[in-house]
Amino acid sequence: MRSYYRNDIRPSVVRYTYPIKSFSGIDAYSEENSLPLSWARYAYNVSIKNGVLKGGVGISVATINGEYLPNAVSVGSRPIRACIYRRYDKTNEKRDDMIVAVMQNKKLYYARLTDLGFTSANITFADHNVIFLNYNYNDEDCLLVICDDGQSYIFDGTTFTKIESAPRLTHACIHNERVYGTVSDGENRLYFSDDLDPTNWNVSLTEGGYISFPDEGGAVGRVVSFNGNLYIFREYAIHRLSAFVAQEDYILTKVFQTNNLIYPESVAACNDKIIFLAEDGFYSFDGYNCKKILKGIVPLIESKIGCSASFFDNKYYISVILKRDEYVIGDEKLDYNVKNGMIIYDTDTEEVSVFRGADIGFFMPVSVEGTNEMFVIFDNVYRGFNIGVVDGSGKLFDEPLRKLWRSPYTDFENLYQNKVLKRIFINTSANVTVKAKLDKDYFYSLHGSPSAQMIPVNRYADKAGIEISTDEDSFSVNGLLLEFDFTRRNPNERNN
C-alpha cells in the first residue's frame, strides 16, 4: 500500500516577549517598520528621563522672586514683545531691574519689577517688530529699543531718548561694542553703529557704516555674534563677517549656500553652535560647516511660517505649528491657524521635548537675581494679559494637558508568521489609557499602581503598535512588555 505524508500539520506556537526596558526618543522620519517599539513615532507633552516615560513641560504664570509681574490689564492691552532691562542703580547702590514691553496697541510701556502696573513711555510704533538690547553706554546700564519702522530709542531708566540717525532695522545684535542690524526692505544691507556709541549711525570710515548684499542669496534676516565673528543669515545663504575696530579691516565671506529657505526667526546662537530651521529641516552650524539635526522631529511640524526661537540654559526653544491628531489640546480650541506648540532641544543631552497646546509668539529669557527661567508671551487674546514661564507642571496654567506617546506600527519585519498579542505588562504611577493598535484599536484604562499590571489582550496582530495617554499632571511609565504568540504562516494563507 502506498504511503502518503501530510504537510498540513498545525504549526507549533512560539511564545515571544518584547520588553521595552528603556524608552527612546522621537523618530517620525525613519521608516516606521524599521523602528523598535521603544521609539515614539508621535508624542507630545511627555519627556524621557533615563529611559523612563514621564510627564513633559508645562507653562505657568510667570513670577520673579515669587512675585507676579506688573499687570498689563492696567493699560488695557496685552504684551506682544517684552524684555528685562537689567539695570544697576548706582545712586542707591542696588538693583533696579525693569520690564519694558510693546503692547498690542503698538505703544511702549515700562515698569519696575515691583510695580503693580505699567507706565506709558508715550511712544507709538508702526508695528510690533521691536528689538531690545541691554547695553552699557558711558558706564551706565541702558536699554536700546529698536523698531523696524525707523524709530530707535535709548532708555536710561528715566528717559527714552530718540536716536535720530538710526536706520530701519529688522534685527540687531551687539558685537565688539558696536550695534549691527539688518535692513531688508529695499536695501538689503547690514548697518553698524559707531564704535562704543549706539546712538551714532552716521556713515563714514570713522563712525558707522553698512555692507550691501546685492547677490542671489536673498534678503538679510538675522545677524548673530558668535565665536568672535558676526554671522549674517539671508534667505538662502550665510556670511561670516570678521569685524574688529577698524572698518577697513572687515572681511566678509560667504560660508553657506542653500536652495531651501532659511527662516530668520529660527536662528539662535547656542553655546558652540548656531541652530536654525530651513525649509528642509533643522541645521547646526559651527561657523564653518552646517549639518542636519533633529531629523526625527521635522515631520511633526505642520508649518514653519511664523516660527520664533530662542536659546536659554543649554536649551533651544522654537514655537511652530505642530501637526494635530484627533484630540484638541489646550488653546487649540481657540483657533486652528495658530502656532500650537514648541520644540525644546537640550544641546547637552540631545533630549527633545514636544509641547503642544499653547500659541507662543515670543520667547523672553530672564536672568535676574533669584530667577533664571524662560518666559513666553502668547499670541492669543485668551492668555494674552499673562506672561508665562516654561516649567515642569504638565499644565497650561491651571489646565491639565493631554499627554501622549505613540510607538511605531510595525510587523517586526516578520511577514511569515501569524501573531497574537496575548498580554501587555505595564508599570505606571498614574491613571493612563493604553491603546493597542492591532487589526483595529483596543483601549484599556488603568489606574496608577506601584506594581506592574497585566492587560489581557488575546487579539490577532499582523502588525502592532502601542499608545499611552493621560490627562494627569504628572506620570511615569518605567516598564512595558508585550507578549506574543507566533505561528508560522501557511504559504497559501492570505494576509489579513
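These numbers come from a predicted model, not from an experiment.
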Identify the two heavy atoms, one from [X] and one from [Y], that lie closest to each other, and give their separation to 0.1 Å.
X	Y	result
Gly58	Phe355	CA-CE1, 4.1 Å
Leu396	Gly357	CD2-O, 3.4 Å
Ile26	Ala43	CD1-CB, 4.0 Å
Phe23	Ile48	O-CG2, 3.4 Å
Val220	Asn188	N-OD1, 2.8 Å
Ala436	Ile424	CB-CD1, 4.3 Å

For [Y], is there an ion pair with [X] - N to carboxylate O distance below 4.0 angstrom?
X	Y	result
Glu332	Arg402	no
Arg15	Asp485	yes
Asp280	Lys292	yes
Glu351	Lys49	yes

Might you work through the side chain to side chain contact (heavy atoms under 4.5 Å, CB included) test for Gln453 and Val432, ending with a clear yes or no? CA-CA 12 Å; Gln453 301 180 65; Val432 299; over 6 Å; no
Between [X] and [Y], do the side chains contain an N or O donor and an N or O acceptor separated by less than 3.5 Å?
X	Y	result
Ser353	Ser47	no
Ser38	Ser24	yes
Ser476	Asn478	no
Thr182	Thr170	yes

With a 3.5 Å distance limit and no angle check, can you tell me whether Asn386 reaches the backbone of Phe378 through a side-chain donor-acceptor pair? no
Between Tyr135 and Ile174 (side chain of the first, backbone of the second, donor and acceptor by atom type, cut-off under 3.5 Å), is there such a pair?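 A pair under 3.5 Å: no.
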Separation between [atom1] of [X] and [atom2] of [Y], rounded to the nearest 0.5 Å:
X	Y	atom1	atom2	result
Ile297	Ile344	CD1	CD1	11.5 Å
Lys339	Cys307	NZ	SG	8.0 Å
Lys295	Asp27	NZ	CG	10.5 Å
Asp313	Asn372	CG	CG	7.5 Å

Are there more than 12 heavy atoms of other residues, nucleotides or ligands under 6.0 Å from atom OH of Tyr29? no
Should we say atom NZ of Lys21 is surrounded by more than 12 heavy atoms from elsewhere, each under 6.0 Å from it? no
If we check salt bridge (Lys or Arg N to Asp or Glu O under 4.0 Å) with Glu467, which of these qualifies: Arg406, Arg41, Lys403? Arg406
Name the orientation class of the two ring planes belonging to Tyr283 and Phe276 (parallel below 30°, tilted from 30 to 60°, perpendicular beyond 60°).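 Ring orientation, 0 to 90° scale: parallel.
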Aromatic centroids of Tyr327 and Tyr44 separated by under 6.0 Å: no
Ring-ring centroid check Phe282 Tyr345, cutoff 6.0 Å: no
Would you say that Thr63 contacts Val389 through its side chain, given a criterion of any heavy-atom pair below 4.5 Å between the two side chains?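 In short, these two side chains do not touch, never coming nearer than 4.5 Å.
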Kindly determine whether Phe285 and Phe226 satisfy side chain to side chain contact (heavy atoms under 4.5 Å, CB included), including the steps that lead there. CA-CA 11 Å; Phe285 175 60; Phe226 174 72; 5.6 Å; no
Please walk me through it: do Lys463 and Glu32 pass salt bridge (charged side-chain N to carboxylate O under 4.0 Å, His left out)? CA-CA 11 Å; Lys463 299 177 73 173; Glu32 188 168 14; over 6 Å; no
